[in-house]
2 protein chains.
Amino acid sequence: MSEKPIFSYVQPEEKTGYLLWQVTMRWQLQMNQQLRSVGITLTQFSLMAGLYWLGQQGEVVTQQRLADYANTDKMMTSKVLQTLERKGMVERFSHRQDGRAKQLQLTLSGKTLLRQANAVVEQVDAAFFGPVQSNAVLLNQLLCRLMQ
Amino acid sequence: MSEKPIFSYVQPEEKTGYLLWQVTMRWQLQMNQQLRSVGITLTQFSLMAGLYWLGQQGEVVTQQRLADYANTDKMMTSKVLQTLERKGMVERFSHRQDGRAKQLQLTLSGKTLLRQANAVVEQVDAAFFGPVQSNAVLLNQLLCRLMQ
DNA sequence: AGCTTTTAGTAGTCGTGACTACCAAATGTA
DNA sequence: TACATTTGGTAGTCACGACTACTAAAAGCT
């Protein structure tokens, strides 16, 4: 006498959410493994990239602004930026108008590192998405719709 | 006199890899937030689900076997299973044939929790992938191709 | 049997990622 | 001006997820 099965007959790995998760973990792993050669993590890269980008737009970038832009929470952002400051990639000054805020700035070594890291990221991305290159635009659209 | 820009004119958030990452983080967050009501994490759920599934196939499941199946590393798997054992969701016996291995078994409470958690997962998945429901099969195929 | 190599599992570290809780500065309002 | 509320940032906790390094048992080899 067997119990009622918990799952339907679909195997877990056939579920879209699970697949999405697995694929992303693999992408993230490859990124971090390759980025290791330049001494940076994916998260650190994405924050530095965000900082650079906002800076290019002429913005005065605070930690909260960067966190909003990168969709990271401010606590994590604070910690990673402390790490990046310790590594000499980022400087944090106190904000002129707002006494609470920290104004962020990439250092010269930071920009150099960012440039090196970006080359790695581009290369891993190309290799990873090679198998679906013809459908890249489509995949992009679907993902965009999931972000609203 | 301005330096050569580090990135092309594409904004970072337009990159497929970055999008994939963002979407998955959001999916994972929603999963974990909802699963909290039943007192389990997504990772714990996926290991329990894998254990259940392999058990249904009549296999004697060891930690390494489960790790292989779930694409998790054995160190992490070991720790999460210790947590699950402490919570009384899983039992770990020593393997009859292999003195190194641990044989895994879901407890009754484990199965109950798994059933509750699965209902939550199904519901979050449905809500999350609603916006692309008509293209679900296509998205699935693309993701599958990225897993080889 | 004696030896090397592989394999199953654990301990402990680092870096997220989400959380609670907190401080202090800025803002809104009476 | 006085007070309550919001906002920018930090400290510390928990749970991955990847890593190094380790023990001990199994398997392979001579």
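Numbers restart at 1 for each chain; the letters A, B, ... are given by sequence-line order, proteins then strands. These numbers come from a predicted model, not from an experiment. Hydrogens, waters and symmetry mates play no part in the numbers below; they use all other heavy atoms, side chains included.
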Subject >> Residue pair A:Gln63 / A:Arg92, side-chain donor-acceptor N/O under 3.5 Å >> reply: yes
Original post:
How many Å lie between CG on B:Leu81 and C1' on D:dA15, as a whole number?
Top reply: 14 Å
Original post:
Considering residues, nucleotides and ligands other than B:Gln133, do more than 12 of their heavy atoms fall under 6.0 Å from its CD?
Top reply: no
Original post:
Quick one: is A:Thr72 getting a side-chain N or O under 4.0 Å of the C:dG17 phosphate, OP1 or OP2?
Top reply: no
Original post:
In terms of the nearest nucleotide of DNA chain D, which residue is placed more toward the 5' end: B:Thr41 or A:Arg36?
Top reply: B:Thr41
**OP:** Write down the distance between CG (B:Leu42) and C1' (D:dC14), rounded to a whole number of angstrom.
**Re:** 16 Å
Original post:
Is any side-chain N or O of B:Arg65 closer than 4.0 Å to OP1 or OP2 of C:dG9?
Top reply: no
**OP:** Could you tell me whether the phosphate oxygens of C:dA8, OP1 or OP2, come under 4.0 Å of any side-chain nitrogen or oxygen in B:Ser78?
**Re:** no
**OP:** Mind calculating the distance between CD (B:Gln64) and C1' (C:dT6) to the nearest angstrom?
**Re:** 12 Å
**OP:** Indicate, with a heavy-atom threshold strictly under 4.0 Å, whether B:Leu29 touches base, sugar-phosphate, or nothing.
**Re:** sugar-phosphate
Original post:
Under the side-chain contact (heavy atoms from CB on, under 4.5 Å) test, which residues partner B:Gln141, sequence neighbours left out?
Top reply: B:Val137, B:Leu138
Original post:
Quick one: is A:Gln103 getting a side-chain N or O under 4.0 Å of the D:dG8 phosphate, OP1 or OP2?
Top reply: no
Original post:
Just checking, is any N or O donor in the side chain of A:Arg100 or A:Gln64 under 3.5 Å from an acceptor N or O on the other one?
Top reply: no
Original post:
Between A:Gln28 and A:Gln63, which has a closest nucleotide on DNA chain D that is more 5'?
Top reply: A:Gln63
Subject >> Between C:dT16 (P) and A:Gln82 (CD): distance, integer Å >> reply: 12 Å
Original post:
NZ of B:Lys102 versus P of D:dA26: gap in Å, rounded?
Top reply: 14 Å
Subject >> Rounded interatomic separation in angstrom, taking CE from B:Met25 and P from D:dA15 >> reply: 17 Å
Subject >> Closest contact, heavy atoms only, A:Arg36 versus A:Gln33 >> reply: CB-O, 3.3 Å
Subject >> For DNA chain D, the residues among residues 93-101 of chain B that have a non-hydrogen atom under 4.0 Å from it >> reply: B:Gln97, B:Asp98, B:Gly99, B:Arg100
Original post:
If you look at every strand shown and take non-hydrogen atoms under 4.0 Å, does B:Lys74 touch a base, only sugar-phosphate, or nothing?
Top reply: base
Original post:
At under 4.0 Å, does any side-chain N or O of A:Thr43 touch on OP1 or OP2 of C:dG15?
Top reply: no
Original post:
Mind checking whether B:Trp21 and A:Leu42 have side chains closer than 4.5 Å, heavy atoms only?
Top reply: yes
Subject >> Side chain of A:Lys79 (C-beta onward), nearest among C:dG17, D:dG12, D:dC16 >> reply: D:dG12
**OP:** Indicate whether any N or O donor in one side chain lies under 3.5 Å from an N or O acceptor in the other, for B:Gln103 and B:Arg65.
**Re:** no
**OP:** Could you tell me whether B:Lys15 and A:Glu122 have a side-chain N and a carboxylate O separated by less than 4.0 Å?
**Re:** yes
**OP:** Starting at atom CG of B:Asp73, determine the distance to atom C1' of D:dA15, rounded to an integer number of angstrom.
**Re:** 14 Å
Original post:
Can you check the A:Leu35 CG to D:dC19 P distance for me, whole Å?
Top reply: 13 Å
Original post:
With sugar-phosphate meaning primed atoms plus P, OP1 and OP2, does B:Thr77 contact a base, only sugar-phosphate, or nothing at under 4.0 Å between heavy atoms?
Top reply: nothing
Subject >> Nearest-neighbour nucleotide for the B:Met75 side chain, D:dG17, D:dT20, C:dC19 considered >> reply: D:dT20
